[in-house]
Amino acid sequence: MINVNGKLVSTTDLAIENNRGFLYGDAVFETVRVLDKKVLFAEDHYFRLMSSMRIMRMEIPMHFTLENFQEEIIKTVEATASQAKAFRVRLTVYRDATGKYLPQENKTIGFVATAEALEEALYTFQDQAYEVELYKDFYVAANLLSTVKTTNRAVNVLASIFASENDYQNCLLVNDKKNIIEAVNGNLFVVSQNTIKTPPLDEGCVKGIMRKQIIELLAKHPNLTLEESPISPFELQKADEIFITNVIVGIQPITKYRKKTFTTQVSKELLDRLNAKIRLM
C-alpha cells in the first residue's frame with residue numbers, strides 16, 4: 001500500500017507527466033527507520049524536513065505537525081500487513097503544481113510515503129569487505145542547497161553506477177573545493193588515533209540524521225574527540241578507520257581504500273552505543 005496525501009491506495013493516481021518531483025526534481029524526501037511502530041529520531045527528521053521545505057520555498061500546511069508526520073508514517077507501516085519489527089519508510093514531499101517549468105507562485109505541497117520491512121530490528125555490525133573509491137567525474141557544490149535531500153540526486157546515482165561497474169561497494173563524493181564530503185548514501189567519518197573528523201555542513205554534505213546522532217554520542221565519549229573540518233583525499237591514506245552513517249544501516253565501516261586497509265574497532269563501539277541509545281527511546 002502507498003500513502004498519498006494521507007489516503008492509502010494500492011496504486012497511485014499521480015500523473016507523473018505533470019508531477020514536478022518527476023520532471024524537475026522539485027521535491028524533498030526523508031528516509032526514516034521505524035521500530036516497534038515508533039519513528040526513530042522523529043523530531044530530527046521532522047525539523048529537517050521543515051527546514052528543507054522552507055529552503056525550497058514550499059508551503060507548509062498548518063496540519064503538517066510533528067504528530068501528523070509520525071501518524072502518516074505509522075499509518076503507512078501498518079498498511080503493509082507485515083509482522084516485521086522494523087521498517088524503512090520514505091516520505092517524499094513534492095510541489096503540488098502543474099508540470100510547467102515555472103510553478104507560477106504555487107507553493108502548496110503533496111506527499112507520497114512507502115514502507116518496506118527490514119530484516120533486523122536493531123542496527124547490526126557489517127563485517128564484510130567494503131571497498132570504496134573517489135568519484136571525480138562530477139563535483140558537489142559546497143553550498144546550502146547541497147545539504148538538502150532533494151530528489152535531484154544525479155551525482156549520487158552516477159557515482160553508484162561507477163562503483164558497481166568497477167566492483168566497489170561505494171564511492172566518496174568530492175565538492176568543488178576538491179575536498180571529500182560524503183559517500184553516495186551517507187555521511188563520512190574519518191578516525192585518526194583519538195580524533196574523529198567529519199566534514200562541516202558548509203562543505204556541501206547532506207545534513208544527515210545519523211550524522212547528528214553520532215556527533216552527540218562522540219560529545220559524551222571519554223576518549224574520542226570530534227572535529228568538524230574539511231577532509232582532503234590525502235587524509236584517507238593516513239586514517240586508522242573510516243565509516244559511513246545513515247539511518248537505515250546505522251554505521252557502515254569501510255575496510256579498504258586503494259592500497260590502505262582499515263580497522264573497525266571504533267565503528268563497533270559506536271554501533272553498540274547507538275543501539276543502547278535506541279533501546280532507551
Side-chain angles (χ1 to χ4, degrees), residues 123-142 146 153 155-208 210-215 217-219 221-275:
Y123 294 115
T124 57
F125 183 72
Q126 309 294 321
D127 59 356
Q128 71 273 19
Y130 201 88
E131 185 176 359
V132 302
E133 180 54 270
L134 299 186
Y135 180 70
K136 298 185 289 185
D137 288 357
F138 299 99
Y139 300 121
V140 177
S146 296
R153 314 308 296 172
V155 175
N156 302 65
V157 170
L158 293 173
S160 179
I161 293 171
F162 174 87
S164 177
E165 290 177 344
N166 292 279
D167 295 324
Y168 297 114
Q169 280 66 56
N170 209 325
C171 273
L172 304 182
L173 307 184
V174 180
N175 67 11
D176 48 14
K177 300 176 184 177
K178 308 299 174 63
N179 292 325
I180 299 171
I181 58 167
E182 60 193 0
V184 167
N185 62 337
N187 293 105
L188 187 72
F189 289 80
V190 177
V191 184
S192 296
Q193 296 182 345
N194 294 328
T195 300
I196 299 183
K197 290 182 66 174
T198 192
L201 296 180
D202 60 15
E203 285 284 287
C205 61
V206 167
K207 189 179 180 182
M210 187 53 65
R211 174 185 184 273
K212 181 175 184 290
Q213 303 307 315
I214 298 302
I215 288 174
L217 289 175
L218 290 173
H221 199 287
N223 303 317
L224 297 172
T225 302
L226 176 72
E227 181 181 324
E228 290 188 65
S229 60
I231 297 175
S232 74
F234 304 104
E235 294 182 57
L236 300 184
Q237 299 283 6
K238 301 177 182 179
D240 300 316
E241 189 169 338
I242 305 176
F243 58 86
I244 301 164
T245 64
N246 66 50
V247 293
I248 301 303
V249 175
I251 298 175
Q252 172 63 62
I254 292 172
T255 61
K256 186 178 181 182
Y257 167 68
R258 296 185 179 175
K259 294 183 179 180
K260 180 66 184 284
T261 57
F262 303 102
T263 60
T264 59
Q265 288 91 334
V266 174
S267 300
K268 289 179 181 177
E269 180 189 348
L270 288 176
L271 193 67
D272 289 340
R273 289 173 179 259
L274 177 62
N275 280 327

| Which residues satisfy the salt bridge (Lys or Arg N to Asp or Glu O under 4.0 Å) test with K260, sequence neighbours excluded? | none

| message | What I'd like to find out is whether the side chain of S160 reaches to under 4.5 Å of the side chain of C171, using heavy atoms alone. | response | no

| E182: what forms a salt bridge (Lys or Arg N to Asp or Glu O under 4.0 Å) with it, not counting sequence neighbours? | none

| message | Please check: side-chain N/O of N175 versus main-chain N/O of K177, any donor-acceptor pairing under 3.5 Å? | response | yes

| request: Taking the side chain as every heavy atom from C-beta outward, state whether Y168 and V132 have any pair of such atoms under 4.5 Å apart. | output: no

| request: Check whether any side-chain heavy atom of I196 lies under 4.5 Å from a side-chain heavy atom of H221, and answer yes or no. | output: no

| said: What I'd like to find out is whether the side chain of Q128 reaches to under 4.5 Å of the side chain of Q252, using heavy atoms alone. | reply: yes

| Side-chain contact, heavy-atom cut-off 4.5 Å: V191 with F189? | no

| query | Of all heavy-atom pairs between S192 and A239, which one has the smallest distance, and what is that distance? | reply | OG-CA, 3.8 Å

| note | Nearest heavy-atom approach of P199 to C205 is O-SG, 3.7 Å

| field | Shortest non-hydrogen contact from T245 toward I251 | value | CG2-CG1, 4.2 Å

| query | What residues form a salt bridge (Lys or Arg N to Asp or Glu O under 4.0 Å) with E241, not counting sequence neighbours? | reply | none

